[in-house]
Amino acid sequence: MVIVMGPEATQDDVAAIVAVVQAAGVEAFVSRGVRRTIVGLVGDVAQLDQGNLRGMAGVRDVMRVSTPYKLVSRENHPERSTVHVGGVPIGPDTVTLIAGPCAVETPQQTLAAALMAKRAGATLLRGGAYKPRTSPYAFQGLGEAGLRILADVREETGLPIVTEVVDAHDVELVASYADMLQVGTRNAQNFALLQAVGAAGKPVMLKRGMNATIEEWLMAAEYIAQRGNLDIVLCERGIRTFETATRNTLDVSAVPVAQRLSHLPVIIDPSHSGGRRDLVLPLTRAAIAVGADGVIIDVHPAPETALCDGPQALVDSDLDVLADVLHTFPPLLGRAPAVAAVAP
Ligand SMILES: O=C[C@H](O)[C@H](O)COP(=O)(O)O
Ligand SMILES: C=C(OP(=O)(O)O)C(=O)O
């Protein structure tokens with residue numbers, strides 16, 4: 001961390017800064033220039049409150065030179081990581097397709113959607129049994145009955161399950177069925193939930209908060225990592241902007257930025273970002289082109305009757321194109337579509 005002090009800063013102002021910094025066990029190196037004085041800090045600067053330092057007399061600016069997140073940072077872990085979910089890799093060598101229904105509605109609908117997902121080349125099945133809904137009157141998911149359906153469909157199709165948990169109290173239960181726990185955009189800064197999933201012993205997919213900066217997203221991942229779990233996959237799912245033509249604005253630049261800052265795999269959700277079926281395939285192409293380590297896509301056998309997010313679900317007639325994108329695009333970038341660990 002570097003503290004820049006203006007020309008008006010007195011000797012006492014500089015001494016006050018040095019005293020605060022040293023009291024926190026951090027070393028301070030002062031270099032006085034004609035127009036400004038720079039105080040360079042070395043040590044565990046996480047102990048210091050940047051805002052408080054910025055408020056002290058004579059201080060012009062306070063700048064971090066290292067990242068505030070440590071465990072998920074690429075500074076301390078230069079190699080990019082691969083996370084395995086039920087034996088399926090998500091990482092730099094592959095492009096993984098996770099697909100399935102937005103919400104688990106019935107056993108028949110979930111199985112039909114899982115078979116669609118498989119036909120498109122998915123090696124992981126998505127599906128929400130606990131749905132975070134804007135309206136308390138909207139379908140909230142089947143809860144544990146939905147988890148049981150997912151487990152049956154996993155048995156039948158061999159696809160490991162990715163499913164969302166919305167409440168810290170449900171983490172143990174959801175983890176007892178899931179192969180990967182999903183934390184959604186609405187809970188992306190629910191710190192108690194992040195800590196609970198971090199302790200659950202299952203890989204976690206952390207969606208980006210719809211209003212979160214990339215740094216806030218990585219700090220959220222750090223909460224999970226701090227509980228001893230580094231099997232985290234980051235998922236860019238669109239952010240809130242002024243644009244109303246799409247449900248959210250897909251921030252494609254978040255993929256290379258997050259991959260540069262963090263060793264964790266980064267995937268894209270083209271369904272929740274565009275919010276429109278006609279955008280899912282173009283955004284999937286964009287995701288692969290920008291270097292995403294996978295995509296998570298909604299599919300539904302009858303989206304006109306879907307209980308959640310029907311307009312963004314791919315239908316049967318989209319699957320061949322999706323499969324083709326998955327087979328032709330990754331090899332252009334030296335990658336392979338991720339395959340199942342054990343052929344079912
Ligand atoms: O699947 C995700 C969410 O539950 C869903 O997108 C929420 O949408 P809503 O705003 O219609 O509740
Ligand atoms: C709730 C979901 O997505 P998001 O959190 O991105 O809205 C989902 O994928 O089911």
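For reference, positions follow the sequence shown, starting with 1. Just follow the structure's listing: the first ligand is 1, and inside any ligand the first atom is 1.
- Under 4.0 angstrom from ligand 2, there are no non-hydrogen atoms of Met210.
- For atom 2 (C) of ligand 2, the closest non-hydrogen atom of the protein is His272 NE2, 3.5 Å.
- In this structure, atom 1 (C) of ligand 2 lies nearest to the protein heavy atom Glu164 OE1, 3.2 Å.
- Applying the 4.0 Å criterion to heavy atoms of Thr134 picks out, from ligand 1, the atoms 9 (P), 10 (O), 12 (O).
- Taking atom 2 (C) of ligand 1 as the reference point, the nearest protein heavy-atom neighbour is His272 NE2, 3.2 Å.
- Under 4.0 Å from ligand 1, the heavy atoms of Arg186 that appear belong solely to its side chain.
- A ring-ring contact (aromatic ring centres under 6.0 Å, His included) check over residues 190-215, counting only residues at least two apart or in different chains, returns the pairs Phe191-Tyr223.
- Asp13 places a side-chain N or O within 3.5 Å of a backbone atom of Thr10 that can act as its donor or acceptor partner.
- With salt bridges taken as basic N to acidic carboxylate O contacts below 4.0 Å, none links Arg335 and Asp93.
- Scanning the protein for heavy atoms near atom 11 (O) of ligand 1, the closest one is Arg133 NH2, 3.2 Å.
- Counting atoms of ligand 2 from 1 in the listed order, those under 4.0 Å from a heavy atom of Gly184 are 5 (O).
- Judged by distance alone, the side chain of Gln109 and the main-chain N or O of His300 form no donor-acceptor pair under 3.5 Å.
- Here is the list of ligand 1 atoms found below 4.0 Å of a heavy atom in Cys102: 1 (O).
- Checking Asp293 against Gln259 by side-chain atom types alone, a donor-acceptor pair falls below 3.5 Å.
- Scanning the protein for heavy atoms near atom 7 (O) of ligand 2, the closest one is Arg237 NH2, 2.9 Å.
- Residue contacts with ligand 2 include Arg126, since one of its heavy atoms falls under 4.0 Å from the ligand.
- Heavy-atom proximity to Pro132, at under 4.0 Å, picks out these atoms of ligand 1: 3 (C), 4 (O), 7 (C).
- Looking at atom 5 (O) of ligand 2, its nearest protein heavy atom turns out to be Thr185 N, 2.8 Å.
- The residues Asp61 and Arg36 are annotated as not salt-bridged, no charged nitrogen and carboxylate oxygen being separated by less than 4.0 angstrom.
- With ligand atoms numbered from 1 in the order given, ligand 2 contributes 10 (O) to contacts under 4.0 Å with heavy atoms of Lys131.
- Checked by atom type and distance alone, the side chain of Lys131 never pairs as donor or acceptor with a backbone atom of Ala103 at under 3.5 Å.
- A salt bridge is defined here as a Lys NZ or Arg NE, NH1 or NH2 lying under 4.0 Å from an Asp or Glu carboxylate O, and Lys202 with Asp231 fails to meet this definition.
- Nearest protein heavy-atom contact of atom 5 (C) of ligand 1 is Asp309 OD2, 3.3 Å.
- Other residues, nucleotides and ligands contribute over 12 non-hydrogen atoms within 6.0 Å of the CD atom of Glu243.
- Checked options Arg277, Arg237, Arg276, Arg126; the residue passing with Asp298 is Arg126 (criterion: salt bridge (Lys or Arg N to Asp or Glu O under 4.0 Å)).
- Side chain of Thr96 to main chain of Pro89: a donor-acceptor pair is present (N/O by atom type, distance under 3.5 Å, no hydrogens or angles).
- The protein heavy atom nearest to atom 3 (O) of ligand 2 is Lys207 NZ, 3.0 Å.
- Judged by distance alone, with hydrogens and angles left aside, the side-chain atoms of Asn211 form no donor-acceptor pair with the main-chain N or O of Arg240 at under 3.5 Å.
- Within ligand 2, the atoms closer than 4.0 Å to a non-hydrogen atom of Gln182 are 2 (C), 8 (C), 9 (O), 10 (O), numbered from 1 in the order shown.
- In terms of protein heavy-atom proximity, atom 8 (O) of ligand 1 is closest to Arg247 NH2, 2.9 Å.
- For ligand 2, the atoms closer than 4.0 angstrom to any heavy atom of Arg186 are 7 (O).
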